[in-house]
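Presented below is the structure to which this report refers.
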Amino acid sequence: MTAATSSTLFPQGPTPSAYGATPRDADAVLEGLDPEQREVATALHGAVCVLAGAGTGKTRAITHRIAYGVRAGILQPASVLAVTFTNRAAGEMRGRLRQLGAGGVQARTFHSAALRQLQYFWPKAVGGEVPRLLERKVQLVAEAAARCRVRLDRNELRDVTGEIEWSKVTQTVPEDYPAAAAKSGREAPRDPAEIARIYAAYEQLKRDRSVIDFEDVLLLTVGVLQERPDIADQVRRQYQHFVVDEYQDVSPLQQRLLELWLGDRQSLCVVGDASQTIYSFTGATPDHLLNFRSRHPGATVVKLVRDYRSTPQVVHLANGLLAQARGRAAEHRLELISQRDPGPDPVYAAHADEPAEAEATARRIRELITPVEEGGGGVPASQIAVLYRVNAQSELYEQALADAQVPYQMRGAERFFERPEVREAGLLLRGAARAGSADPALIDEDVPSQVRAVLGTRGWRPEPPAGSGAVRDRWESLAALVRLAEEFVRARPGATLADLVAELDERAAAQHAPTVEGVTLASLHAAKGLEWDAVFLVGLTEGMMPITYARTDEQIEEERRLLYVGVTRARRHLSLSWALSRTPGGRASRRPTRFLNGLRPGSGAAAGRLPGGGPGVERGAGGAVGGGAVRRRRGPVHCRVCGRTLTDAGEMKLMRCEGCPSELDEALYERLRDWRAEQAGLLAQPAYCVFTDKTLLAIAEAVPGTESELSRISGVGRRKLDRFGADVLALCAGQELPLARDGEGDDGAVGTQPGDPRRNSTEK
């Protein structure tokens, strides 16, 4: 079996040569498909459920299925609606279908398809024009919170907006939000009653201003189809056959819309993988996929398990991750079988601290992108990704890559087609296409040469500029357009500059961006559906993977699936790393994620969990984090001022948000610093080995009066409590300490001795 490789024009697809010419007939469409993909392509009647593992060619299977049906005369192109979840995936699908001879098929996202129907039927169903679509709801949510006299910081604003979106896709009205959130086990960022009030105020603001949001597009379309049977019949006459990709990510609202489109027919093909369900926080659920056969008893079910993306080494790790999974989704996991030649083993790396982890990652990437003839790996920068759990982790890697002079791009940052240089380039290319042969500079030039000539007037050169920054970013954008022109002409010989401009317009409308030549920095969620030759999974520590607020069995398992998605993004090179402390010189108290136990060299078996789904106790992970001690992880840490759940390590030490008011006792803080300096001198160790600055700040803000209160401060473990607790509590009580002694106690502590009355002093 020949492995499918990637095309930069149509990512994750077969080689460009496979699409060089439109298949001559229906049978030719089936050429090159493996037996399972062929079974999918030829199953054109009734309900079909395709369970497709990562890298198994699901997009290839379903596009060939549509194309085969069209070319065989079984399906009319205009009667097919293919639905997926991102504009990029929809654009990719349309491109593949065009080259397979099925260009009239509609491939859209749920929102895009619903918006087109809403705009078309609104005058008939409601009258007048469709309300203006609100592109971003955050500002309006902030205004709604202000109306409710609720102050939200930036993170809370984002989280409350997410709760409103979840409520709408699960069809939960404001007054029902508290009960619905409690029933589903959601951890609300604020008091649920407050969120309900903000939600209600937000809806009122939208009505006052005659605007709708993206969720309203689905809700209103559902409402029109439910209340107007004549309109529903018209839609069903138009669309006779439906294909839904990434079906494990369907929300209840999207499922309801799909049912209204479908009516009582069975002409539906769904594709998904329960092991890649990672968006439950948005309302997505794999239940629709897992219950498909019960809703469609006669459905054809096909499993795709031949992995054409990843090497056997990567696939072995991915299968190992799922082998430890629990829950209903795990019961339906797919055991992947790699179809590629062997590659290097995954690399596991522990680092002293986060900056060291970032620097080591940047060095390794620098080695990978160095040309083979110079002793490097010869991997293009665009085929390398650094993936992390939360976006806040990106800053260290941005700096490390910049220091190593490695170009990078942020996924999820400014949209490609909204960049000023890309918009300007589009205008210039459109003008050149209109001028045609009237421009002497473009006579007798092929399309890529014309593009180079036009963009050369705006800063594009064959060689990139030195360093990074805005100049390099601009060049990368223009270079991506040049590469797109080259690939476009390879796929469509004889195309003109006007054809390329039309392709750019279509891509801009769908936000289907071309490849930018730089290492991708992205969160694990943003990496879904993508793939690279080399993937670096970083920050894989307990508290980050799984994230600290994942406590139930379901939440822990979704975190495992998120790591599985990250692993399966890699084609050949895979690195997994973690840092033992956050900052240089910090205590090496972190542990690598439990999900790698029994999989990485030197680690023990998978850790157990306490009943109820908590992370529980993990014993001796082995490897870089040695020791057989048993440590119980703390629960979530909340800001003692505003109550927000804290995830930043520095804020967790202070037990408050950085922006919340501080109650620092400055005099106490100075006394603690002087005392720490004295202790550090006696120990002949750096001051942070006694307590870090953040821990001292936390002590000086909290002013603990008992051992119990002191032990609740992050950075004060049992050992330090025994060694320094009495001194710290005495200082907090305003007592003067006698001069430190030169001797050491039985436990090696300096200062207080066993039997010293200060050791048990808790008086103020």
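Here, residue 1 is the first one in the sequence, and each next residue gets the next number. Note that this is a predicted model, so its numbers are computed, not measured.
The aromatic rings of F292 and Y247 sit perpendicular to each other, their planes meeting at more than 60°, with 30° as the lower class boundary.
At least one side-chain heavy atom of L521 sits less than 4.5 Å from a side-chain heavy atom of L401. A heavy-atom distance below 4.5 Å is found between the side chains of P601 and Y348. Annotation: side chain of L576 is in contact with side chain of L317 (closest heavy-atom distance under 4.5 Å). Contact check for V138 versus R158: no side-chain heavy atoms found under the 4.5 Å cut-off. Counting heavy atoms from C-beta on, the side chains of V271 and L304 never come closer than 4.5 Å. Side-chain atoms of E163 and Y177, non-hydrogen and from C-beta on, do get closer than 4.5 Å to each other. A heavy-atom distance below 4.5 Å is found between the side chains of S310 and V315. Under the 4.5 Å side-chain criterion, counting only non-hydrogen atoms from C-beta, Q313 is not in contact with P344.
In this structure, OG1 on T520 lies 8.0 Å from CG on L530, to the nearest 0.5 angstrom. Taking OH of Y279 as the start and CG of D249 as the end, the distance is 6.5 Å to the nearest 0.5 Å. Between the NZ atom of K183 and the CG atom of D176 there is a distance of 11.0 Å, given to the nearest 0.5 Å. Here CZ of R572 is found 9.0 Å from CG of D533. Values are rounded to the nearest 0.5 Å. Between atom OH of residue Y408 and atom OG of residue S394 there is a gap of 8.5 Å, rounded to the nearest 0.5 Å. Put simply, CG on D307 and CG on L334 are 11.0 Å apart, with the number rounded to the nearest 0.5 Å.
For E558 and R561, the salt-bridge test passes: some basic side-chain N is under 4.0 Å from an acidic carboxylate O. Salt bridge absent: R190 and D159 never bring a charged side-chain N and a carboxylate O closer than 4.0 Å. Remark: K58 engages E246 in a salt bridge, criterion side-chain N to carboxylate O under 4.0 Å. At a threshold of 4.0 Å, the pair E557-R328 does not count as salt-bridged, since none of the basic side-chain nitrogens sits closer than that to a carboxylate oxygen. Contact check on R389 versus E559 returns a salt bridge, with a Lys/Arg side-chain nitrogen under 4.0 Å from an Asp/Glu carboxylate oxygen.
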Inset, instruction - Give the intermediate values and the outcome of side-chain contact (heavy atoms from CB on, under 4.5 Å) for residues K137 and Y202. - result: CA-CA 9 Å; K137 59 173 68 70; Y202 167 76; 3.3 Å; yes
Legend entry - Evaluation steps, side-chain contact (heavy atoms from CB on, under 4.5 Å), between V386 and I365: CA-CA 9 Å; V386 178; I365 291 173; 3.7 Å; yes
Inset, instruction - Give the intermediate values and the outcome of side-chain contact (heavy atoms from CB on, under 4.5 Å) for residues L218 and H111. - result: CA-CA 7 Å; L218 300 182; H111 286 88; 3.6 Å; yes
Inset, instruction - Could you go through the side-chain contact (heavy atoms from CB on, under 4.5 Å) check for D273 and L289 one step at a time? - result: CA-CA 8 Å; D273 179 8; L289 176 66; 5.7 Å; no
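S581 contributes a side-chain N or O that, together with a main-chain N or O of A352, makes up a donor-acceptor pair within less than 3.5 Å. Q393 contributes a side-chain N or O that, together with a main-chain N or O of V390, makes up a donor-acceptor pair within less than 3.5 Å. A donor-acceptor pair is defined here as one N or O able to donate and one able to accept, closer than 3.5 Å; such a pair exists between the side chain of E542 and the backbone of R594. The closest donor-acceptor contact from the side chain of R295 to the backbone of H288 lies under 3.5 Å. Formation of a donor-acceptor pair under 3.5 Å by the Q255 side chain with backbone atoms of V250 is not found in this model. E156 places a side-chain N or O within donor-acceptor distance of the main-chain N or O of D153, the cut-off being under 3.5 Å. Between the side chain of R333 and the backbone N or O of A329 there is no donor-acceptor pair closer than 3.5 Å. At distances below 3.5 Å, at least one donor-acceptor pair connects side-chain atoms of T692 with backbone N or O atoms of T695. Judged by distance alone, the side chain of N291 and the main-chain N or O of S294 form no donor-acceptor pair under 3.5 Å. Under the 3.5 Å distance criterion, the side-chain polar atoms of D216 are left unmatched by any main-chain donor or acceptor of L219.
Closest non-hydrogen pair, I278 versus H525, comes out as O-NE2, 3.0 Å. Summarising the geometry of A196 relative to P178, their closest heavy-atom pair is CB-CD, 4.0 Å, with the distance given to 0.1 Å. The two residues L387 and S523 have their closest heavy-atom pair at CD2-O, 4.5 Å. Considering all non-hydrogen atoms of both residues, V716 and L721 come closest at CG1-CD1, 4.0 Å. Between V169 and G283 the shortest heavy-atom distance is CG2-CA, 4.1 Å. A570 approaches V314 most closely through the heavy-atom pair O-CG1, 3.8 Å.
Side chains of Q171 and R256: a donor-acceptor N/O pair is absent below 3.5 angstrom, by distance only. A donor-acceptor contact closer than 3.5 angstrom is absent between the side chains of T277 and Q248.
Cation-pi check for R186 over W166 is met; the charged atom lies under 6.0 angstrom from the ring centroid and within 45 degrees of its normal.
For Q139, the CD atom counts as loosely surrounded, since its 6.0 Å shell holds 12 or fewer non-hydrogen atoms of other residues, nucleotides or ligands. Remark: H316 NE2 is loosely packed, at most 12 non-hydrogen atoms of other residues, nucleotides or ligands lying under 6.0 Å away.
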